Amino acid sequence: MTSLDKTPSAGTSSTPLLEVEDLVVNYGRIEALHGISLSVAEGELVTLLGANGAGKTTTMRALSGLLPLTRGRILFEGNDITRMKAHERVGLGLIQTPEGRGVFPGMTVQENLDMGCYSRTFKDKAAYNSTLEWVFGLFPRVQERRTQVGGTLSGGEQQMVAIARSLMARPKLLLLDEPSMGLAPMVIQQIFRIIADINAQGTTVLLVEQNAQQALTRSDRAYILETGEVTKTGPGRELLHDPAVKSAYLGVG
Ligand SMILES: Nc1ncnc2c1ncn2[C@@H]1O[C@H](COP(=O)(O)OP(=O)(O)OP(=O)(O)O)[C@@H](O)[C@H]1O
Ligand SMILES: [Mg+2]
């Protein structure tokens with residue numbers, strides 16, 4: 001185990017930060033999620049691991065309020081937010097970094113970051129500055145590129161900007177939708193290291209991924225999602241050594 005590996009969180013809080021019960025989501029008549037239940041405690045890094053089409057993005061969008069539920073309940077800090085609108089959830093600190101990053105290509109990096117603040121009225125300039133300083137500390141590359149337009153950044157830099165923009169809203173729960181998508185192995189490692197740092201500094205993270213090695217190594221717990229159903233759950237490092245997980249997600253055995 002290296003210093004970068006995740007040791008399980010103490011799990012001190014009795015009420016989970018996020019609790020999802022029996023989530024069903026349809027696209028028309030097609031049921032994409034068949035009754036997913038999961039929870040995330042304050043301080044945890046939890047991964048939802050699944051292959052293409054398993055329903056990862058659907059889950060994230062349902063949690064953010066971008067997709068209506070057919071059935072189920074979402075509790076945040078113990079409060080039922082199932083019927084709450086997306087922007088109200090953002091106001092509570094439920095912040096999503098979308099699949100594909102969604103960096104505004106014609107805006108500079110700094111302007112992209114400032115878009116992350118629209119949901120939050122900083123008390124004063126000092127609060128804004130300290131948030132920016134925290135974000136630049138995590139992402140020095142983003143600071144270096146602050147005047148460059150988003151569309152000219154590399155894929156890895158765009159992913160960094162997308163996460164940095166989410167952090168500008170000071171999330172209580174950061175929802176990350178496949179941050180490793182389309183990136184080179186070295187960049188993936190770098191992004192995962194930063195995600196682990198963000199979590200270690202106190203932000204709770206729910207990550208959806210296909211990169212089992214990186215995600216499970218760094219997670220307190222994980223859920224395996226297969227065709228819209230949770231089929232297995234456990235500590236990240238335990239699942240990393242599970243023969244079925246190794247065979248399906250790590251190409252071993
Ligand atoms: N707008 C839509 N209309 C109809 N079906 C959809 C729509 N969006 C997603 N689906 C279907 O729902 C299922 C889950 O899709 P989803 O995008 O959640 O998967 P995913 O796990 O995020 O996959 P990936 O790893 O490729 O991003 C898939 O079968 C997909 O075809
Ligand atoms: Mg997806």
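None of the values given here were measured: they were computed from a predicted structure. When a ligand or atom number is given, it counts from 1 through the structure's own listing order.
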Going only through I, L, V, M, F, W and Y residues with side-chain contacts under 4.5 Å, is there a path from Leu69 to Leu66?
no

Which of Ile194, Ile188, Ile195 passes side-chain contact (heavy atoms from CB on, under 4.5 Å) with Ile191? It is Ile195

Per-atom filter on ligand 1: closer than 4.0 angstrom to a heavy atom of Glu178 are 24 (P), 25 (O), 27 (O)

| message | Run the side-chain hydrogen bond (donor to acceptor under 3.5 Å, both in side chains) test on Thr231 and Tyr223 for me, step by step, so that the C-alpha distance in whole Å, both residues' side-chain angles and the decisive distance to 0.1 Å come before the verdict. | response | CA-CA 8 Å; Thr231 54; Tyr223 296 85; over 6 Å; no

- Task: Decide yes or no on side-chain hydrogen bond (donor to acceptor under 3.5 Å, both in side chains) for Thr131 and Arg170, but give the supporting numbers first.
- Result: CA-CA 8 Å; Thr131 301; Arg170 300 222 74 133; 3.0 Å; yes

Atoms of ligand 1 under 4.0 Å from any heavy atom of Ala51, numbered from 1 in the order shown, are 21 (O)

Counting from 1 in the order shown, the ligand 1 atoms closer than 4.0 Å to a non-hydrogen atom of Thr58 are 14 (C), 15 (O), 16 (P), 18 (O)

(Q) Could you check whether Asp22 pairs with Arg73 (Lys NZ or Arg NE/NH1/NH2 to Asp/Glu carboxylate O, under 4.0 Å)? (A) no

ask   = For ligand 1, is Arg61 a contact, meaning one of its heavy atoms is under 4.0 Å away?
value = no

- Task: List the steps, then state whether salt bridge (charged side-chain N to carboxylate O under 4.0 Å, His left out) holds for Asp177 with Lys56.
- Result: CA-CA 8 Å; Asp177 192 344; Lys56 302 182 298 298; over 6 Å; no

Can you tell me if an N/O/S atom from Thr57 lies under 2.8 Å from the Mg ion (ligand 2)? yes

Open item on the list: Does ligand 1 come near enough to Gly55 that some N or O of the ligand is less than 3.5 Å from an N or O of the residue?
Closed with: yes

Is there a heavy atom of Gly28 sitting under 4.0 angstrom from any atom of ligand 1? no

Answer key: the N, O or S atom of Glu99 nearest to the Mg ion (ligand 2) is OE2

Side chain to side chain contact (heavy atoms under 4.5 Å, CB included) assessment of Leu216 paired with Leu250
CA-CA 11 Å; Leu216 295 180; Leu250 294 161; 5.6 Å; no

Let me see the working for Asn211 and Tyr249 under side chain to side chain contact (heavy atoms under 4.5 Å, CB included), right down to the final yes or no. CA-CA 8 Å; Asn211 189 318; Tyr249 298 96; over 6 Å; no

Legend entry - Gly50 touching ligand 1 at heavy-atom level, < 4.0 angstrom: no

Query raised in the report: Is any heavy atom of the protein nearer than 4.0 Å to atom 30 (C) of ligand 1?
Result: no

Ala54 heavy atoms within 4.0 Å reach ligand 1 at atoms 19 (O), 21 (O)

